[in-house]
Number of protein chains: 2
Amino acid sequence: MENALFGFISNYISLTEDEKNILLSLDIFRYIKKGTILLKEGQKSQDSYFVLKGCIRKYYIKDGEEKTTAFFTELDALTPHCVASKNPSDYFISCVEDSIITVSNPDLEKEVNSKFPKFEIMCRMLSEELLAKHQINFDEFKTSSPEQRYLSLLQNRPDLVQRVPQHQLASYLGIKPQSLSRLRARITEKDKE
Amino acid sequence: MENALFGFISNYISLTEDEKNILLSLDIFRYIKKGTILLKEGQKSQDSYFVLKGCIRKYYIKDGEEKTTAFFTELDALTPHCVASKNPSDYFISCVEDSIITVSNPDLEKEVNSKFPKFEIMCRMLSEELLAKHQINFDEFKTSSPEQRYLSLLQNRPDLVQRVPQHQLASYLGIKPQSLSRLRARITEKDKE
DNA sequence: GGCATTTCTTAACTTAAGTGAACGAGTTCC
DNA sequence: GGAACTCGTTCACTTAAGTTAAGAAATGCC
């Protein structure tokens, strides 16, 4: 599992064996059971997550309903908004499957950054990459219908459609579970023709 | 107009008179006429924009229709995706009103950053702030109906509803102009009760 | 195993957005 | 001044998503 982490990092910077060992000594790996809630609405947390294996989910509760806005799977990083804003969180984060993640916080990051300045470079690259991806996602969401969004999800993240409960997927697509069922039936019907 | 720029910068870092003069000497101010297209789909550009006065708009052309995904008004910054990716742009950027903007590019930024290292700090703060705002916007868009989105726009950016053509606003809300008209009529009807 | 719960699907009905067309009010351009 | 356009609105009709309810299938829990 460490190799997954080091493999990811090596896309951005190179680490010596010594540096790897220091990272390992920080005890950042966590094994999380499906269903575990990592962050609750109203909570102030300093924890950032990085998924090595599994899937975690970000959702709001609005009018008593769960509204899922993001899934994070292998090699996705997630820093909740409340970490920077220092306000209570607006949303929940929970574990969709049994997962292996690393947990970090600003203090730990400062420590690592001072030991390896190249870490900061990686963080900047990551945040730029993330902002760009986000904007593209947002634009695609805005300019598509629910059906188009579902089809593009099938193209781009086919694993999600399999591993995530349909009702969570529905709210991720901005519709109700019943509508997703119907939409899927409609597509299958079209395929038959 | 320079004061608007320096006022904005002073939220992040402080500049000496000398530093201000160097910035002014770079000749970055542009006066853009309403309707001017700053970036076209398919074009490779290195220009980033910062709006001092006026309004610029980002839009896609999908199935022959303009799909507006963002408006940038006073003190908003916009670095098109193509600057970092070095690929042709997927979208257009055009000027909604006569506007005053600053235009920059990576070379110029490198030059400024080497002269004033604190500029880089500002850029990092800005990009983090932007990413956070973006995520919140995205989540709000995803978890709302068109009517809720319109009402929240009235709350948060009431000026936009006034200064931007309705059909551009409609596509920004993810609906057709006719639907926006209807939706507005519906709301006015409700208010009468 | 068996009971309860969750998850997914289907159906009937309601509501809102998409579509195509038409009209009036402004603009722009000769 | 008048023709051509753009823009916003309204209307009638279509299509798709929301709602409510019900039932089947899978899962979890004693």
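Order of the sequence lines sets the chain letters (A, B, ...), proteins ahead of strands, with each chain counted from 1. Any value given below was found using the heavy atoms of this structure, including those in side chains, with hydrogens, waters and symmetry copies removed.
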Practice prompt. Specify the separation, in whole Å, of atom CZ of A:Arg149 and atom P of D:dA16.
Written response: 15 Å
Discussion item. How many whole angstroms separate atom NZ of A:Lys67 from atom C1' of D:dG18?
Written reply: 11 Å
Worksheet entry | Within 6.0 Å of NZ in B:Lys40, more than 12 heavy atoms from elsewhere | no
Worksheet item: When you look at NZ of B:Lys44, are more than 12 heavy atoms from neighbouring residues, nucleotides or ligands closer to it than 6.0 Å?
Response: no
Worksheet entry | Interatomic distance, A:Glu147 CD vs D:dT15 P [rounded to whole Å] | 14 Å
Item to complete: Return the angle between end axes of the helix from C:dG1-D:dC30 to C:dC30-D:dG1, with five pairs used per end and rounding to 10°.
Response: 50°
Practice prompt. Assess whether atom NZ of A:Lys53 is packed by more than 12 heavy atoms of other residues, nucleotides or ligands within 6.0 Å.
Written response: no
Worksheet, complete the sentence: Side-chain atoms of B:Arg186 come closest, of D:dG18, C:dA17, D:dG8, to C:dA17
Item to complete: Please confirm whether B:Arg184 makes a cation-pi placement over B:Tyr150, using NZ or CZ under 6.0 Å from the six-membered ring centre and within 45° of the ring normal.
Response: no
Worksheet item: Without hydrogens or angle criteria, can the side chains of A:Glu109 and A:Ser104 be said to hold a donor-acceptor pair below 3.5 Å?
Response: yes
Practice prompt. Please state how far atom OH in A:Tyr150 lies from atom C1' in D:dA17, giving the value in whole angstrom units.
Written response: 17 Å
Fill in: Separation of atom CG in A:Leu183 from atom C1' in C:dC8, rounded to whole Å
15 Å
Item to complete: For the pair B:Ile93 and B:Ile37, evaluate side chain to side chain contact (heavy atoms under 4.5 Å, CB included) and give the outcome as yes or no after the intermediate values.
Response: CA-CA 6 Å; B:Ile93 295 172; B:Ile37 295 184; over 6 Å; no
Discussion item. Across nucleotides 20-30 of chain D, 5' to 3', mark each nucleotide with B, S or - according to how protein heavy atoms within less than 4.0 Å reach it.
Written reply: B----------
Discussion item. Can you tell me which nucleotide in C:dT9, C:dG18, D:dT19 comes closest to the side chain of A:Ser181?
Written reply: C:dT9
Worksheet entry | Close aromatic pair by centroid cut-off 6.0 Å: B:Tyr60 and B:Phe92 | no
Worksheet, complete the sentence: In whole angstroms, the gap separating P of C:dA21 from NZ of B:Lys176 amounts to 15 Å
Fill in: Whole-Å gap separating P (D:dG18) and CD (B:Gln148)
12 Å
Discussion item. Measuring from the side chain of A:Ile175 (C-beta onward, heavy atoms only), which nucleotide among C:dA17, D:dT9, D:dA17 has the closest atom?
Written reply: D:dA17
Practice prompt. Could you work out which one of C:dT9, C:dA17, C:dT10 sits closest to the side chain of A:Ala185?
Written response: C:dT10
Response to the item:
Among the nucleotides D:dA17, C:dC8, D:dT9, whichever has the atom closest to the side chain of A:Arg182 is D:dA17
Fill in: Aromatic centroids of A:Phe72 and A:Phe50 separated by under 6.0 Å
no
Worksheet entry | Cation-pi, B:Tyr91 ring and B:Lys58 (6.0 angstrom, 45 degrees) | yes
Discussion item. For the CG atom of B:Asp98 and the SG atom of B:Cys55, what is their distance to the nearest 0.5 Å?
Written reply: 12.0 Å
Worksheet item: Taking only side-chain nitrogens and oxygens of A:Arg184, does any of them come within less than 4.0 Å of OP1 or OP2 of C:dT9?
Response: yes
Fill in: Any B:His167 side-chain N or O less than 4.0 Å from OP1/OP2 of D:dT6
no
Worksheet item: For B:Leu180 and C:dT19, what is the distance between atoms CG and C1' respectively, to the nearest whole Å?
Response: 16 Å
